[in-house]
There are 2 protein chains.
Amino acid sequence: MKYFDNHRNTRQRSVILEELQNLASHPTAAGLYEIVRHRQPNISLGTVYRNLELLTRLGLIQKLEVGGRQARFDGNADSHFHVQCVRCGRVDDIHAPPLDLLGGEGNDFSGYRILGYTLQFHGICPRCGKTSTNSKQEIDRC
Amino acid sequence: MKYFDNHRNTRQRSVILEELQNLASHPTAAGLYEIVRHRQPNISLGTVYRNLELLTRLGLIQKLEVGGRQARFDGNADSHFHVQCVRCGRVDDIHAPPLDLLGGEGNDFSGYRILGYTLQFHGICPRCGKTSTNSKQEIDRC
DNA sequence: AAAAATAACAGTAATAATTATCGGTAGTAT
DNA sequence: ATACTACCGATAATTATTACTGTTATTTTT
């Protein structure tokens, strides 16, 4: 059970990971909690949050910061793209190279009628690039 | 003042829009509240939220659903791309065509050291596509 | 294998961001 | 000018997430 690094392999932890990996869609913490409860009726929502956070840190799953207030989780940690339904919030995978996707707006992928996309980069801003790597996180000045 | 459609052109509303449009960065609601208070000391945080929501609906600004728990707002409603600092959360614009950007990973844009990107599509999922357009928003079933 | 150490749990309280409520005020239309 | 009502400030409520606390279970030490 090298999976969890030097963290314990608890029943709750492995059930959370298994159930998430068996889903094609990408549930919220609360959504996965409902699913996991079928196998672990006494599990706590806090346990689901705690483990999703840990599994993300370990690189076994990914946390998706998509539209809406709730985060979503993907049992597949490999880099790929997502579609979110603007009406119900559901998130699915799109398996295609980015260049095909950007050229193919208006087409259908994964059964979705595609309306558009957002492309966000992440990196280190000029101000943070000047301070040492492990300095305390700065306040975003405007 | 056709700007606000058939909504009223209040002092608070126009100050919020003006101050947001004068910023190169993309503040949170709370961040913009602090800025707007210099001109409107008695303005309420709720008013800022309410108007940012309205201005987004009117298409005068955009709401950015980026990483972190707080939404951010962009005074420029035209389609373009964003970088977010992974350390401080600040968000800035990137002005370049998407194909250049995807090819140019590792380069610097807007002074940021770029670490990666996320590409998210939005559209209508198969299930929602079957129901009428103005039906109540469905619950995301998993 | 038993005892000690501690990671993780369930349950619950606290926090943070956002949204809703409510009485009063100020734009807008008649 | 008056009436109508959207909008305001202040505050309460809600929602998602995180932290706390006492207990349980896994691992390590003896």
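Scope of the values below: all heavy atoms of this structure, side chains included, with no hydrogens, waters or symmetry mates. By convention in this document, chain letters (A, B, ...) are assigned in the order of the sequence lines, proteins followed by strands, and residues within each chain are numbered from 1.
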Side-chain donor-acceptor pair under 3.5 Å between Gln40(B) and Arg11(B), yes or no? yes
So does Tyr49(A) get a side-chain nitrogen or oxygen closer than 4.0 Å to the phosphate oxygens (OP1/OP2) of dT17(D)? yes
Set out, line by line, the N/O atom pairs under 3.5 Å between protein and nucleotides 7-9 of chain D.
| from | atom 1 | to | atom 2 | distance (Å) |
| --- | --- | --- | --- | --- |
| dC7(D) | OP1 | His7(B) | ND1 | 3.3 |
| dC7(D) | OP1 | Arg8(B) | N | 3.2 |
| dC7(D) | OP1 | Arg13(B) | NH1 | 2.7 |
| dC8(D) | OP1 | Thr10(B) | OG1 | 3.1 |
| dC8(D) | OP1 | Asn51(B) | ND2 | 3.2 |
| dC8(D) | OP2 | Arg50(B) | NH1 | 3.0 |
| dC8(D) | OP2 | Asn51(B) | ND2 | 3.3 |
| dC8(D) | O3' | Gln12(B) | NE2 | 2.8 |
| dG9(D) | OP1 | Gln12(B) | NE2 | 3.4 |
| dG9(D) | OP1 | Asn42(B) | O | 3.4 |
| dG9(D) | OP2 | Ser44(B) | N | 3.3 |
| dG9(D) | OP2 | Thr47(B) | OG1 | 2.1 |
| dG9(D) | N7 | Arg50(B) | NH2 | 3.3 |

For Arg39(A), all residues meeting side chain to side chain donor-acceptor pair (under 3.5 Å), sequence neighbours excluded: Glu18(A), Glu19(A)
Interatomic distance, Phe73(A) CZ vs dA16(D) P [rounded to whole Å]: 13 Å
Any side-chain donor near an acceptor of the partner, His82(A) and Asp92(A), under 3.5 Å: no
Mind calculating the distance between CD (Glu53(A)) and P (dA8(C)) to the nearest angstrom? 14 Å
Between the side chains of Arg37(A) and Glu34(A), is the shortest nitrogen-to-carboxylate-oxygen separation below 4.0 Å, so that they form an ion pair? yes
Please report the C-alpha distance between Phe73(A) and Thr28(A) in whole Å, then the side-chain angles of each, then the deciding distance to 0.1 Å, and finally whether the side-chain contact (heavy atoms from CB on, under 4.5 Å) criterion is met. CA-CA 6 Å; Phe73(A) 295 87; Thr28(A) 61; over 6 Å; no
Whole angstroms only, please: what is the CG-C1' distance between Asn9(A) and dT28(D)? 17 Å
Specify the separation, in whole Å, of atom CZ of Arg57(B) and atom P of dT19(C). 11 Å
Specify the separation, in whole Å, of atom CG of Leu58(A) and atom P of dA7(C). 15 Å
Determine, for Arg72(B) against Glu65(B), whether the closest basic-nitrogen to carboxylate-oxygen distance falls under 4.0 angstrom. no
What is the nucleic acid contact for Ala71(B), judged by heavy atoms within less than 4.0 Å: base, sugar-phosphate only, or nothing? sugar-phosphate
Phe4(A) CZ - dT27(D) P separation (whole Å): 12 Å
Starting at CD of Gln70(B) and ending at C1' of dT17(D), how long is that distance when rounded to a whole Å? 13 Å
Roughly, in whole Å, what's the span from OH in Tyr33(B) to C1' in dT18(C)? 14 Å
